[in-house]
Protein chains: 2
Amino acid sequence: MPQHNATEFIKKGEKEYLHHLSIDCVLFGYHDRHLKVLLLKWKDAEKWSLPGGFIRLDENLEQAATRILNERTGLDEIFLQQFQTFGEPGRSYRSKEDVAHLSTITNAAMGPDHWLLKRTVSIGYYAVTEYSKVNPQPDHLSDECTWCEIDAVPRLIFDHNLIFSEALKALRMQIYHQPIGYNLLPEKFTLPEIHDLYETILGKALDRRNFAKKIVSLGLIKKLNERKSIGAHRSPFLYKFDKRRYDKALREGMILAF
Amino acid sequence: MPQHNATEFIKKGEKEYLHHLSIDCVLFGYHDRHLKVLLLKWKDAEKWSLPGGFIRLDENLEQAATRILNERTGLDEIFLQQFQTFGEPGRSYRSKEDVAHLSTITNAAMGPDHWLLKRTVSIGYYAVTEYSKVNPQPDHLSDECTWCEIDAVPRLIFDHNLIFSEALKALRMQIYHQPIGYNLLPEKFTLPEIHDLYETILGKALDRRNFAKKIVSLGLIKKLNERKSIGAHRSPFLYKFDKRRYDKALREGMILAF
DNA sequence: TCAAAAGTGTTCAATGTACACCCATGC
DNA sequence: GCATGGGTGTACATTGAACACTTTTGA
């Protein structure tokens, strides 16, 4: 039962969602050596936030997070990771200004007991996607939904800056224990491409030769007898993921060091 | 405002705690080469559970977890780690039997809309303590609170077996990145003692000589000019933690490999 | 022929791993 | 003197880190 507008959401949401709980998603987007994060801008204000939402009465947490991201991006089959739960009292709607603004943009009177204004504990999820084909859609409360370079994240509402930075920390930790890239690279990709991916996510330079040795020795990718033509340069070999081994590494973990 | 009995808790809790949310704690106890976990047994039944509780309206999550454990153990200054949040619909009070039993032991009529029976998302915390001086106290709903060997954990209610095993996994992961032992060992301890601690928590044998080299080379512990008398055997040297470096490693992490 | 990017291998240092003997102590 | 547990060092294998030249391509 999708809400058709913000006013309805404010009024009817009370009966459709779990109170005191929300989900915030940090969706990282990778493309061409850039790592970005999906942000929303509140209507008629310079207030930015992470995409978030509430949990339906009978929905599990991961489904809810998937739905929230799907509504903003159209993406399906997002590989989500729950990373932390944030519950400081007063973490949301601490300022009267935020409340007044919410009231204005939703055109709804909200008493202090309104369900949306109650103390809310937020479960944080993150995911990574290839962003070049995503067309971000604002939600009811926003007039903009856009990718933002992770080094240029503005001040966000509530504790969303904390949530973002914890997500980035978790992502960078995860990359040492689980494979990454299957959804971020084309089916066939070159070593320089996956090398750029790792450098971008980790935010640091990795020696080309050592990287190639390690990534190949993990056995998750295999070299093809094809090259990619990249113009006035030597043509790099193409590789593809060995899906069996990739999935095994996803399940069982691995150890990587750079 | 502590509840004095289960009936009061059932009735008045509605206004004192956040709905739809709970905290479950996995408290590991170490002593003399044994790793145990604190469990509660429901009144008049062979139903075991992890210690858990609810979050007061103005309490932060870690305070709530600390309070819950403090009520069971009297312990203060517990180093808690939030590790995962569990929210499958139907994870708690799925069976009518459980509901009926709760109703019986609390002597309270509970309709299907009772706050305790609503869908509840539980935030998992774990901690480790020295258990030999702890006198576990049952809560309102239990008639037993006791340490159980981690290899002999019985069937637990709800999804508590899952919560327990995820906590154990997280603890064993953490031990590679953060120092452990400050609260688990006496102020002065021997290398064999800390060696036993690591073997017990990890559940595997570690080479004595290599362990000593690594743990000393981390610089977190320092050798004293004292030995411990252990009867008819060579007296091992005593060590103590270097608190400054220990705290630094807690904050910044470290890397350990066994 | 030149500029730009890709491919590749070796050396050295550090770390991890396996392993065994002697020493101290109290009975 | 003996049983028990503690202390210690070495050799080898593995891994990580640093590093530079040659090849390919199209303009």
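The chains referred to below are lettered A, B, ... by the order of the sequence lines, with proteins before strands, and numbering in each begins at 1.
Annotation: of the two residues near DNA chain D, B:Tyr239 and A:Ala257, the 5′-most nearest-nucleotide partner is B:Tyr239. Looking at which nucleotide of DNA chain C each of A:His233 and B:Ile230 is closest to, the 5′-most match is held by A:His233.
Taking atom CZ of residue B:Arg227 and atom C1' of nucleotide D:dG6, one finds them 9 Å apart after rounding to whole Å. Rounded to an integer number of Å, the gap from CD of A:Glu193 to C1' of C:dA6 is 12 Å. The distance from atom CG of B:Leu218 to atom P of C:dT15 is 11 Å, rounded to the nearest whole Å. A:Asn210 has its CG atom 18 Å from the P atom of D:dT14, to the nearest Å.
Judged by atom type and distance alone, B:Arg209 does not reach the base of D:dG7 through any side-chain donor-acceptor pair under 3.5 Å.
Checking D:dA17, D:dG7, C:dT25 against every side-chain atom of B:Ser235, the shortest atom distance belongs to C:dT25. Residue B:Lys223 has its side chain nearest to D:dT8 when only D:dA20, C:dG26, D:dT8 are considered. For A:Arg234, whose side chain is taken as the heavy atoms from C-beta onward, the closest listed nucleotide among C:dG26, D:dG7, C:dG7 is C:dG7.
Residues A:Tyr125 and A:Phe83 share a closest heavy-atom pair of N-CE2, 3.4 Å.
Ring centroid separation for the pair A:Tyr182 and A:Phe79 does not come in under the 6.0 Å cut-off. Residues B:Phe28 and B:Tyr131 place their aromatic rings such that the two centres sit no closer than 6.0 Å.
Across B:Thr66, B:Ile68, B:Leu80, a single residue satisfies side-chain contact (heavy atoms from CB on, under 4.5 Å) together with B:Ile23, and that is B:Ile68.
As judged by a 4.0 angstrom heavy-atom cut-off over every strand, A:Lys213 is placed among the base-contacting residues.
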